[in-house]
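Chain A is the first sequence line, chain B the second, and so forth, proteins listed ahead of strands; every chain is numbered from 1. None of the values given here were measured: they were computed from a predicted structure.
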Amino acid sequence: MKKQNMILNGAEIFFECLKQEKVEYIFGYPGGAVLKIYEQLYGVDFLKHILVRHEQGAVHMAEGYAKASGKTGVVLVTSGPGATNAVTGIADAYMDSVPVVVFTGQVASNMLGKDSFQEVNIVGITRPVTKYNFQVRDVNELAMTIKKAFYIASTGRPGPVVIDLPKDILVDKCEFSYPGRIELRGYKPSYSLNQKQIKQAADVLRKSKRPVLYVGGGVISSGGSRELFILAKENNLPVTMTLQGLGAFPGNDDQSLGMLGMHGTYCANQAVNNCDLLIALGARFDDRVTGKASSFAKDAFKIHVDIEPAQINKNVFTNLSIIGDVKHIIAEIAAEIGAPLNFSEWWKQINEWREEFPLSYDSQDGRLRTEFVYEKLFEKTEGNAVIVTDVGQHQMWGAQYFRFVYPRTHITSGGLGTMGFSLPASIGAYFAVKDRTVISVNGDGGFQMNIQELVTAAAYKIPLKIIVINNNNLGMVRQWQELFFGEKYSFTDLSESNPDFVKVAEAFGCRAFSTDSPKEVDSILDKAFSFNDGPAVVEFNVVRDDLVFPMVPAGRSISDMVVRK
Amino acid sequence: MKKTISVLMENRIPTLNRITNLLCGVGLEIDSVSITDTETAGITKMIFIADGEDAVIEQALKQIDKLVDVIQALEFTTSDSFVREMALIKIHQRKNDLNDLTNAVNLLNGKIIDVGKKTITVEITGTPEKIKSAQNLLNNYGIKEITKSACIAVEKESSIIKNKRRIR
């Protein structure tokens, strides 16, 4: 790095900073306000720019990359519509705590606030959906701003940060030096431990008769899966996971109860409902998990471990809160417990629930179902693949039937529930883990929301396995219409209007397959899995009107769970 | 219940925007806001009076504290702090009751700061309750216009010690 103390322009500084942050990929789309950066990009060899086809796709790609790798995803878009197109992705990253840094172009400083061409106040627009955002007003602040952005995005509870770059800043020059460390007066995520609280948690756990570990995405983002495994296995603890927590603990282990909440397993929800100690690890008591919050694990002593103080007592009142890095806290609790614990009586009860209503679907009528597809995918990959789901019924079936074994193998839009997430996010995930199979699973509705990214996958010859679960309906919406809205299937039937997905995929440059027979699933997946010269799209035409069960109706207590139709 | 919230922050305008956005988001009403410099350059103090359920206020306070630019967010109870407000009140000038009015203003520890042809302007400082009662009393003389400052507050030293916080 002999470029220190050199006079550089803003665009050069931009790339020097990304180099310092060890950025490998930028997901971007050029436009008027960022042309100086694209000019500079011409000579840059330390990172690769991935050209997307829509800015929303760029942010989802960065999310997929971040979730699969644990690194920060980077996005570059132009001003105005380029920036507003990115907003859904930014909000998605905000809700699911994904570290991404989004650079938006902006009109020149002297044109700001004048309704200039392609001007939009993106800093104002994204303020409620970013962890932080900046507009750079002076080239001298650029390096420090980028340093701060990466620091804020990736530490504490991760999240998206937007940096707005007026055009003139990219041309202006100043002396470049990259700050080594930064101090922010108002932002000091707590990584230190309070031993007294750890001791108390271990004491309560020792005395407990019916404990449950309720594991969220925080365990994965803190890299605490190993620590969790040791704590749970040494002490015979039942583990249930949220949608974002899947994979934190092996889903094929006996001690995994599967997912809890609205579409969680019967045994996980019963266990949470009847436990005397609930330990929430990096989870946020989301309404899709708790149902009616006041009756959630009503009689249990609740311990909440989280990096963010604002999560404590937000939805559910807890008896003990421990703020800090979940990974270290789990390790400390495990160390504090001492002699291994055993809960055989409790397990007897849990196993009864498990046998009472296991996850099940009709596999005898010869018709193709999503659950079967996931079972086959698990069989083929043995869990050693990254599954990127979209939003809806297929997403819930995936959470239930694909037993995620490893952390960072389940990527989905949980908080915002963004249809169209899967395809671009799976492209991002591919760049993070090139040695693993990446499977994008979509519904026929969501697939059409960012379908343009098929081009991106084809252009970069990405060997994605893209599954389209086609029931010719917006299935989850249809499910709610059937159960709660008088069976008025208003605008959820796509059977008359859906395109021929095989033709569409082929037109975009992908291999394509289609079937509606369970018997053909194996052979078609084999064909798709053995094609590695680009994306393969596999359409599975499934039963139209299946519902996802179990189900806890929204806002109701978990004990009101409906197990089957 | 009304609560006084004191926030120390950087980047005044964007942070104000973030905080008001957040209050809108949780549906919290605020009675007044004051934003001023502090003894430290670059740090702004925002004081606002919020009216809402305790749990909502607690949640809002945590969300505010979480903001990158917020250095500290605290909630003061009335007994833990000094709270003051100022009112400038214009009263219709009627010759016959000037003496009476002067007495009333003195009683309220206020000041007459302007005597015009048509109006008299009175300045009063005190707790929000005192301002309220002054307003009631002066209403008898016919208030033409009233302008109030936002509430400002400072925590009592005894409360800081009680809550084991560092005295800044």
Checklist entry - Does anything in residues 106-116 of chain B get under 4.5 Å of chain A by heavy atoms, and if so which residues? => result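 Near chain A, by residue number: none.
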More than 12 foreign heavy atoms under 6.0 Å from [atom1] of [X]: is that the case here?
X	atom1	value
K3(B)	NZ	yes
K167(A)	NZ	no
K292(A)	NZ	no
E53(B)	CD	no
K144(B)	NZ	no
D115(A)	CG	no

Item to check | Partner chain B: residue of E308(A), Q311(A), R185(A), R157(A) with the largest heavy-atom pair count (under 4.5 Å) | outcome: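 Most pairs with chain B among the choices: R185(A).
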Next on the checklist: Counting heavy-atom pairs under 4.5 Å with chain B, which one of L184(A), I312(A), I152(A) comes out on top?
Outcome noted: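 Ranked by heavy-atom pairs under 4.5 Å with chain B, first place is I312(A).
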Checklist entry - Using a cut-off of under 4.5 Å for heavy-atom pairs, which of V70(B), N17(B), N11(B) has the most such pairs with chain A? => result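 Answer, by heavy-atom pair count under 4.5 Å with chain A: N17(B).
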Item to check | Max heavy-atom pair count under 4.5 Å with chain A, selected residue of Q63(B), E58(B), R18(B) | outcome: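 Most heavy-atom pairs within the cutoff with chain A belong to R18(B).
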Item to check | chain A contact via L22(B) - side chain, backbone, both or neither, heavy atoms under 4.5 Å | outcome: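 Neither part; nothing is under 4.5 Å.
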Item to check | Non-hydrogen atoms of P14(B) and R127(A) that approach each other most closely | outcome: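 Smallest interatomic distance, heavy atoms only, reads CB-NH2, 3.8 Å.
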Checklist entry - Looking only at atom types and distance, does a side-chain atom of Q59(B) sit under 3.5 Å from a main-chain N or O of A310(A), one as donor and one as acceptor? => result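 Checked: pair present.
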